[in-house]
Novice: 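This structure is in structure tokens; I'll ask about it shortly.
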Amino acid sequence: INRYPIDIVQNPVEPIPRLSEKERHKIRTGITTDSSRLLLITVGRLDEAKGYGDLLDAIDELRRTHPQILLVIVGAGNFLHAINAKIKSLKLDDHVQLLGLRSDVPSLLAASDIYVSASHSEGLPVSLLEAMAAGLPVVATNVGDIPRVIKPEFGICVPAHQPSQIAAALRRLVESPEQKKRFGAEARKYVSQHHSSDAWLDQTLNIYHQMLSAKKYARR
């Protein structure tokens, strides 16, 4: 910035443990009576910039070939009325649930199958990193810092404002359970290596060491 080098310290996220089959079943049946349905999840404030309109269009397209999918939206905000209105207009009541603000987001992530984000603008969402920490494959729009984090080994980036491409990326994972499982394992591994508290601390301390070394050198 203004010819001065900068260091970027990545946000740390805590590891999210795997759930037992009993715990997973309990959480999923609290959302839907059929716990075998494929559960997609997105977490964030209910705001137009998060692309919920595009996401609902994508779900509308996807449910025509895969009627077992269910999207859960976790969060609150001023776009709630518009989201509800679109759910009703597209007749998605059986395919989308609004869970509001929740204190058990890590457990919800761990009980889900795929994380999806349709944002029009972003920095680097912590919710996305938490989804990866929970072992979820990711479909997200290539805005902000997301393309730098989402690698082809565990996620799919698509252009913003393109519901059909979101639907196609989700369909790819829905139709390939082995790829979905492999992506989830690689996502968990990536976050553990690059976004753990230990990684954050090592990077922060390294910056301080560099600063101290530079000051010592400048005094000579």
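What you see is a predicted model, and the numbers here were worked out from it, not measured in a lab. Note that the numbering runs from 1 along the sequence shown for the chain.
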Novice: Distance from Glu175 atom CD to Leu38 atom CG, nearest 0.5 Å?
Specialist: 11.0 Å
Novice: Can you measure from CH2 (Trp200) to CG (Asn11) and round to the nearest 0.5 angstrom?
Specialist: 10.5 Å
Novice: So, for Phe154 and Tyr190, is the gap between ring centers shorter than 6.0 Å?
Specialist: yes
Novice: Check for a donor-acceptor pair, side chain of His66 on one end and backbone N or O of Val174 on the other, with a separation under 3.5 Å.
Specialist: no
Novice: List the residues meeting ring-ring contact (aromatic ring centres under 6.0 Å, His included) with His161, not counting sequence neighbours, and say none if there are none.
Specialist: His120
Novice: Kindly list each side-chain donor-acceptor pair under 3.5 angstrom involving residues 42-50, sequence neighbours excluded, with atom names and distances?
Specialist:
{"from": "Thr42", "atom 1": "OG1", "to": "Val116", "atom 2": "O", "distance (Å)": "2.8"}
{"from": "Asp47", "atom 1": "OD1", "to": "Ala49", "atom 2": "N", "distance (Å)": "2.9"}
{"from": "Lys50", "atom 1": "NZ", "to": "Glu122", "atom 2": "OE2", "distance (Å)": "2.6"}

Novice: Quick check for you: to the nearest 0.5 Å, what is the distance between Leu70 atom CG and Arg63 atom CZ?
Specialist: 12.5 Å
Novice: Measuring only between side-chain heavy atoms, which start at C-beta, is Val105 closer than 4.5 Å to Val74?
Specialist: yes
Novice: Identify the two heavy atoms, one from Ser107 and one from Leu19, that lie closest to each other, and give their separation to 0.1 Å.
Specialist: O-CD1, 3.8 Å
Novice: Roughly how far, to the nearest 0.5 Å, is OH of Tyr52 from CD1 of Ile59?
Specialist: 12.5 Å
Novice: Closer than 3.5 angstrom, by distance alone: can the side chain of Ser119 be matched with the main-chain N or O of Gly51 as a donor-acceptor pair?
Specialist: no
Novice: Work out which heavy atom in Val158 is nearest to a heavy atom in Gln165; give both atom names and the distance.
Specialist: CG1-O, 3.7 Å
Novice: Hey, mind stepping through Ser117 and Val138 against side-chain contact (heavy atoms from CB on, under 4.5 Å) and telling me if it holds?
Specialist: CA-CA 8 Å; Ser117 170; Val138 173; over 6 Å; no
Novice: Are the side chain of Thr65 and the backbone of Leu62 linked by a donor-acceptor contact shorter than 3.5 Å?
Specialist: yes
Novice: Looking only at heavy atoms, what is the nearest atom pair of Ala131 and Leu109, with distance?
Specialist: N-CD1, 3.9 Å
Novice: Would you indicate whether the side-chain heavy atoms of Ile166 and Gln162 approach each other to under 4.5 Å?
Specialist: no
Novice: Tell me if a side-chain donor or acceptor on Ser176 pairs with a main-chain N or O of Arg172 at a distance below 3.5 Å.
Specialist: no
Novice: Is the closest side-chain heavy-atom distance between Ser35 and His25 below 4.5 Å?
Specialist: yes
Novice: Please report the interatomic distance CG(Leu56) to CD(Glu61), rounded to the nearest 0.5 Å.
Specialist: 13.0 Å
Novice: Go through it in stages, so that I can follow the logic: the residues are Gln210 and Asp7, the test is side-chain contact (heavy atoms from CB on, under 4.5 Å), and I'd like the CA-CA distance, side-chain angles, deciding distance and then a yes or no.
Specialist: CA-CA 11 Å; Gln210 289 176 4; Asp7 288 289; 4.2 Å; yes
Novice: Using side-chain heavy atoms (C-beta onward) and a distance below 4.5 Å, is Cys157 in contact with Ile150?
Specialist: yes
Novice: Under 3.5 Å, is there a donor-acceptor pair between the side chain of Arg188 and the main chain of Gly184?
Specialist: no
Novice: Test: side chain to side chain donor-acceptor pair (under 3.5 Å). Region: residues 91-105. Which pairs qualify, not counting sequence neighbours?
Specialist: Arg102-Asp104
Novice: Mind checking whether Val13 and Val9 sit in one hydrophobic cluster, side chains of I, L, V, M, F, W, Y counted as touching below 4.5 Å?
Specialist: no
Novice: Take Leu71 and Ile41 through the test side-chain contact (heavy atoms from CB on, under 4.5 Å) and record every step on the way to the result.
Specialist: CA-CA 6 Å; Leu71 170 70; Ile41 186 170; 5.8 Å; no
Novice: Are Glu130 and Pro106 side-chain neighbours, meaning at least one heavy-atom pair lies under 4.5 Å?
Specialist: no
Novice: How would you list all residue pairs meeting salt bridge (charged side-chain N to carboxylate O under 4.0 Å, His left out) that involve residues 190-211, not counting sequence neighbours?
Specialist: none
Novice: Of all heavy-atom pairs between Pro125 and Ile146, which one has the smallest distance, and what is that distance?
Specialist: CD-CG1, 3.9 Å
Novice: Show me the pairs that pass salt bridge (charged side-chain N to carboxylate O under 4.0 Å, His left out) and involve residues 69-87, at least two apart or across chains.
Specialist: Asp57-Lys86
Novice: Would you say Lys151 has more than 12 foreign heavy atoms packed within less than 6.0 Å of its NZ?
Specialist: yes
Novice: Applying the 4.5 Å side-chain criterion to the ILVMFWY set and letting contacts propagate, would Met211 and Leu201 be lumped into a single cluster?
Specialist: yes
Novice: Atom CG of Leu92 and atom CG of Asn84: how far apart are they, to the nearest 0.5 Å?
Specialist: 11.5 Å
Novice: Is there a side-chain contact between Ser112 and Leu136 in this structure, where contact means two heavy atoms from C-beta onward sitting under 4.5 Å apart?
Specialist: yes
Novice: Is there a side-chain contact (heavy atoms from CB on, under 4.5 Å) between Phe183 and Ile156? Walk through the geometry before answering.
Specialist: CA-CA 10 Å; Phe183 272 26; Ile156 304 172; 4.1 Å; yes
Novice: Which pairs pass salt bridge (charged side-chain N to carboxylate O under 4.0 Å, His left out) with one or both residues in residues 20-34, sequence neighbours excluded?
Specialist: Arg24-Asp113, Arg28-Asp113
Novice: Looking at Ala58 and Pro163, what are the two nearest heavy atoms and their distance?
Specialist: CB-O, 3.4 Å
Novice: Counting C-beta onward and ignoring hydrogens, is there a side-chain heavy-atom pair between Leu108 and Ile31 closer than 4.5 Å?
Specialist: yes
Novice: Between Ala110 and Pro17, what is the shortest heavy-atom contact and its length?
Specialist: CB-O, 4.0 Å
